[in-house]
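This structure is a prediction, so every number in the text was calculated from the model and none was measured. In what follows, chains carry the letters A, B, and so on, assigned in the order in which the sequence lines appear, proteins first and then strands, with residues in each chain numbered from 1. Values below: all heavy atoms of this structure, side chains included; hydrogens, waters and symmetry mates excluded.
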Amino acid sequence: MDLAPIWLSLKLAFVTTAILLVIGLPIAYWLAGRSSVPKLITEAIITMPLVLPPSVLGFYLLLAFSPQNALGKWLQDTFAVQFVFSFKGLILASVIYSLPFMISPVKSAFNHLPRSMAEAAYTMGKSRWQTFLYILLPNIKSSLITAAVLTFAHTLGEFGVVLMIGGNIPGLTKVASIAIYDAVESLDYASANYYSLFLFSLTFVIVVAVFVLNQKSAKSPLE
Amino acid sequence: MRLFLTIVWFVLFPVLGCSQPLRVAVAANAQFVLKVLKTDFQKKTGIDLEIISGSSGKLTAQIKNGAPYDLFLSADMAMPQNLYQAGFGLSKPKSYALGSLIVCSSANLDLKNWPKLVNQAEITKIALANPKLAPYGQAAEAVLRQYKLWETLQAKLVFGESIAQVNTYLTTGAVKLGFTTEALIYESQNKKLKWVRVDRKLYPPIQQGVILLKHAQKENYAKAQQFYRYLFSAEAQQLFRQYGYLTP
């Protein structure tokens, strides 16, 4: 049995989660403060992949990064980078696609922290950065883990976007969800079952883990 | 932070560093025979290939948008011709096989008189490949039009994205009747399907064309040429015939 699609899925989910932790935290922190028009618009855009059909996202990414079009051609000519039909492209798409899964729970956790917590830190002479790192972050640890786990799981199941901009290239863009589709199309139901069972089991474990984690903080399971 | 970047680097590095295998994009109807050809070709030359299958229309669109394929085996001549004219090809399209359309059923039906059978209430859905994307779908449409059935059957028709989807509908029993490629029958696990060949005079010949793609120049030029020549070898052509194709 070919394990490559499973490794590729795990790799994609892992890299996407790591990138989103790095860029998602500051965005979530910024969004958590007092609301304003730019924040509202940013949040709307970030939340959109949650409800947007993946094929829409895939279609526009394909248009934007196709070497036939200006941006894609420029990237290709200047940096020799091609986002369509490559693993890099999948990462880029997944980061956009899974953005709300990272940001929403973290933002909401920041909002739930009492303001006095940060203020107390400031009066003790801690900088904004120190306060963020040593006071706020440790206090939202469980939400942070939930967000990371959900991001991971969501990326793992990605199908429409991958099919649109990634195609179905073994070892490069053929992730587990695509491998299921491909196996069914090749009438290889044994392989389809194998990949499906893997995703099914892993998803179950992840959802149980999230529920257990959130039991302690006594909020709704998906917050 | 540093830990994350280190991990990201280690995960990404193998992807950036690897060399490309010979990639062959193949129309869904020919994926079964290609699997056999792949094994035979590898035995003879030691060259491994990766097969990417889908509808000819989808693969053409992918190639135009930069998909890294070295060869394209289409289900028709028009799409490789289109790619050639758009500057994606290294060779003029050449026909490697002629497809054969069949009427196929997962149920125990007597298909000899299928044009009568399709009107019965028992047959609720009839699957064919999307004529816009797949030549086997175009052939099926042409046949149904010849029998003046195209209009009357509209409500029953189910369009698969490629012939592979039609095959899935048939083998899972989701539809009782469908138009597909003869190659399906010779896949070992599908011996139970009932089928009958559609008269070749009723549809334009399904000339399947191959084109060597520009992408091959990057790394795999020699290997791609070798496989291209192999396609027209006596052994390969014999394998095509075993899967129900006519050979040029």
So P170(A) and I51(B), do their side chains get closer than 4.5 Å, heavy atoms only? no
I'd like to know which of V184(A), V84(A), I169(A), N168(A) tops the heavy-atom pair count under 4.5 Å against chain B. I169(A)
Counting only heavy atoms closer than 4.5 Å, note whether E161(B) contacts chain A via side chain, backbone, both or neither. side chain
Checking side chain to side chain contact (heavy atoms under 4.5 Å, CB included) for the pair S53(B)/D182(A): CA distance, chi angles, key distance, verdict? CA-CA 8 Å; S53(B) 73; D182(A) 191 62; 4.2 Å; yes
Can you confirm whether Y122(A) is buried at OH, in the sense that more than 12 heavy atoms of other residues, nucleotides or ligands lie under 6.0 Å from that atom? yes
Per-residue contact mode, L59(B) against chain A (heavy atom under 4.5 angstrom): neither
Chain A contact via K64(B) - side chain, backbone, both or neither, heavy atoms under 4.5 Å: both
Tell me whether the count of non-hydrogen atoms from other residues, nucleotides or ligands lying under 6.0 Å of CZ in F59(A) goes above 12. no
Verify the distance criterion only: is there a donor paired with an acceptor across the side chains of Y189(A) and T172(B) at less than 3.5 Å? no
Please determine whether the number of non-hydrogen atoms from other residues, nucleotides or ligands lying under 6.0 Å from atom CE of M48(A) exceeds 12. no
Side chain, backbone, both or neither of A28(B) within contact of chain A (heavy atoms, under 4.5 Å): neither
Relative to chain B, which segment of F83(A) carries a heavy atom at a distance below 4.5 Å: side chain, backbone, both, or neither? neither
Tell me the closest heavy-atom pair linking F85(A) and G66(B), and the distance in Å. CD1-C, 3.6 Å
What's the separation between atom CD in E50(B) and atom CG in L172(A), rounded to the nearest 0.5 Å? 8.5 Å
Is the CH2 atom of W30(A) crowded by more than 12 outside heavy atoms at less than 6.0 Å? yes
Answer key: most heavy-atom pairs under 4.5 Å with chain B among G72(A), S186(A), G166(A) is S186(A)
Most chain A-contacting option - heavy-atom pairs closer than 4.5 Å, from G160(B), S162(B), A61(B), A67(B): A67(B)
Within a 6.0 Å radius of atom CZ on R241(B), are there more than 12 heavy atoms belonging to other residues, nucleotides or ligands? yes
Would you say K35(B) has more than 12 foreign heavy atoms packed within less than 6.0 Å of its NZ? yes
Test N65(B) against every option in M164(A), Q82(A), Q68(A) by the side chain to side chain contact (heavy atoms under 4.5 Å, CB included) rule and name the one that passes. Q68(A)
CG of L62(A) to CD of Q62(B): how many Å apart, nearest 0.5 Å? 9.0 Å
Under 6.0 Å from the NZ atom of K73(A), do we count more than 12 heavy atoms belonging to anything else shown? no
Rounded to the nearest 0.5 angstrom, the CG-CG distance for N167(B) and L187(A) is 5.5 Å
